[in-house]
Amino acid sequence: MKRLGYLVLSTLLLASCSNTDNTANEQSKKKEEKQISTDIQISNDYYRTLLPFKESQARGLTSSNMASSYNGEAFETGLLRISKNVFSPEDYLYRDGQLLTKNAVESYLEPQYTKEEIDKMDKDERIEKNAYANFGLNPSHKGETDPEKIAKTSPAYLSHIIEQDFYTESDAKRDKISGMTIGLAMNSVYYYQKEQYGEVYSEKLDKKEVEKKGKEMADEILSRLRVKQELKDIPITFAIYIQSSAESITPGNFVSYAESEEGSKKIGKWKAVNEKYVLLPSGEANELNEKLNNDYKQFNDQLQTYFPNFTQSIGTGYFENDSIKSLHINVPLDYFGKAEVIGITQYIADLSMKHFSQIDDVEISIVDNDKPLALIVKKKADKEPKIHVYQQ
């Protein structure tokens, strides 16, 4: 009887352990099966985003560091285009950069300080200028304090850095980064003041020299990233973007990109990028695509015929390898009423099909000052443009 009691107790203990194991296994399985990315993918041209969403450590610096909002948008979207050459949206999930902190990016944008310059700084100034780490990638002023001489001999070439992170599904489940792209936004114009709150002066920079400096900075950034354990063996892509001036209403463009293979401490051969944003109508657009430039002039002429008080629309064409890939048009109108906006929008949509049907990607924004009235979008697969009239 006593032996039977031991057998019953052992059976209960084993059953209890078995139930505990099963519960643990089920919980573990559920944890593994939790959603790691968005289900919906707009198209194969877009990445699915890794969940949960995590904002970039350096979020907010793009708007303050870039020469203009035009450059900020073109830098971010263009970097994604380059990333797709290396990290296919079919195979990788996307997340905003998590490894480069705001403080790291800010310190990289500083000039290199000499020991004498650091010694002259008080504690607060050293903290403000990240002089303790002295990770600045821009040229050292070597003690020079005259803003005009600095503009000539050691201007700031690097304006901003963006990091993009990529994960395969299997790596995402282990919270292990699979690849990374680093974008370097370089200046084409250096702005400076001779005195605080004084007149702003500018120094135009040689674009070949700017690109050369960007490649040197990429080498240095790679050496710093490879020190991190999680980045030692992943592929890292670098891309160089040269901004347009702060006064320009068209953005700058990427000029080159290169890859550092898994575990490599060197960057491979740089590949040239032939892209540009061009104002329409313009002499530059006429040289690239005379027909498109003429079509755009006719588009504006017909708008002026329809609307007596209309001035002219502004078009920005994106060209790759000298071929038009996308066109964005901003049509400024005075708001009269909902019925008028609908009629105007339909007329503009008809005109867009007449003049721009050969372009894969067309987006037309109809606005009253900065207030959106309507949006017309046509993608490559669309037989007709899609129209949205905003509620006022």
Side-chain angles (χ1 to χ4, degrees), residues 37-49 70 73-74 76-85 88-90 94 250-251 253 274-282 285 288-307 310 312-333 338-368 370-392:
S37 69
T38 51
D39 289 326
I40 295 175
Q41 187 175 14
I42 298 173
S43 77
N44 289 336
D45 289 333
Y46 296 90
Y47 288 101
R48 286 183 296 142
T49 304
Y70 300 109
E73 184 176 348
E76 292 195 44
T77 57
L79 191 61
L80 281 171
R81 275 197 306 271
I82 286 175
S83 292
K84 286 188 286 187
N85 293 333
S88 169
E90 293 183 6
Y94 169 83
T250 56
N253 56 277
N274 181 5
E275 67 167 26
K276 62 175 64 177
Y277 290 88
V278 178
L279 192 67
L280 284 159
S282 67
L288 286 168
N289 191 321
E290 185 178 358
K291 182 181 182 303
L292 173 62
N293 199 56
N294 289 334
D295 282 344
Y296 198 90
K297 288 178 181 177
Q298 292 176 34
F299 174 77
N300 261 342
D301 289 344
Q302 287 177 283
L303 282 177
Q304 283 180 317
T305 302
Y306 191 90
F307 313 116
F310 175 75
Q312 97 168 358
S313 67
I314 299 171
T316 302
Y318 171 71
F319 287 77
E320 271 184 16
N321 299 318
D322 298 333
S323 295
I324 184 71
K325 294 297 180 183
S326 66
L327 175 63
H328 181 268
I329 301 172
N330 200 65
V331 181
L333 290 177
K338 189 64 171 286
E340 287 87 352
V341 169
I342 292 172
I344 289 167
T345 302
Q346 289 174 158
Y347 178 69
I348 293 174
D350 286 342
L351 282 184
S352 71
M353 290 299 291
K354 179 181 176 182
H355 295 292
F356 311 125
S357 59
Q358 77 279 14
I359 302 174
D360 290 345
D361 188 350
V362 178
E363 182 178 299
I364 303 174
S365 300
I366 302 169
V367 298
D368 178 9
D370 287 330
K371 185 179 180 181
L373 301 178
L375 180 67
I376 301 167
V377 177
K378 181 191 170 295
K379 300 293 183 182
K380 185 177 181 179
D382 297 336
K383 292 182 179 180
E384 294 182 349
K386 295 174 182 175
I387 299 172
H388 177 75
V389 178
Y390 295 97
Q391 295 293 330
Q392 302 301 326

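Here the structure is a predicted model, which means the values were calculated and not measured. Quick note: numbers below take in every heavy atom, side chains included, and nothing from hydrogens, waters or symmetry partners.
The two residues Val331 and Ser313 have their closest heavy-atom pair at CG2-CB, 4.0 Å. Heavy-atom minimum distance, Lys276 versus Leu288: CD-CD1, 3.9 Å. Scanning all heavy atoms of the two residues, the minimum distance from Ile359 to Ser326 falls at CG2-CA, 4.1 Å. Minimum interatomic distance between Ser357 and Lys378 (heavy atoms only, all atoms of both residues): O-NZ, 3.8 Å. For the pair Leu280 and Gly317, the tightest heavy-atom approach, listed with the atom from each and the gap, is CD1-N, 4.1 Å.
The OH atom of Tyr347 sits 5.0 Å away from atom CD of Gln302, with the distance rounded to the nearest 0.5 Å. Rounded to the nearest 0.5 Å, atoms CG (Asn300) and CD1 (Ile329) are 8.5 Å apart.
No more than 12 heavy atoms of other residues, nucleotides or ligands lie within 6.0 Å of NZ in Lys386, so this atom counts as exposed by the packing criterion. Annotation for Glu73: atom CD does not count as buried by contact number, only 12 or fewer foreign heavy atoms lying within 6.0 Å.
For the pair Asp360 and Lys379, the salt-bridge criterion is not met [side-chain N within less than 4.0 Å of a carboxylate O]. Asp301 and Lys297 are not joined by a salt bridge, as no carboxylate oxygen comes within less than 4.0 angstrom of a charged side-chain nitrogen. Ion pairing of Glu275 with Arg81 is present here, as a side-chain N (NZ or NE/NH1/NH2) and a carboxylate O approach within less than 4.0 Å.
Classification of the Phe299-Tyr296 ring pair by plane angle, with boundaries at 30° and 60°, yields tilted.
For the ring pair (Phe, Tyr, Trp, His ring centres under 6.0 Å) test, no residue two or more places apart in sequence or in another chain qualifies with Tyr70.
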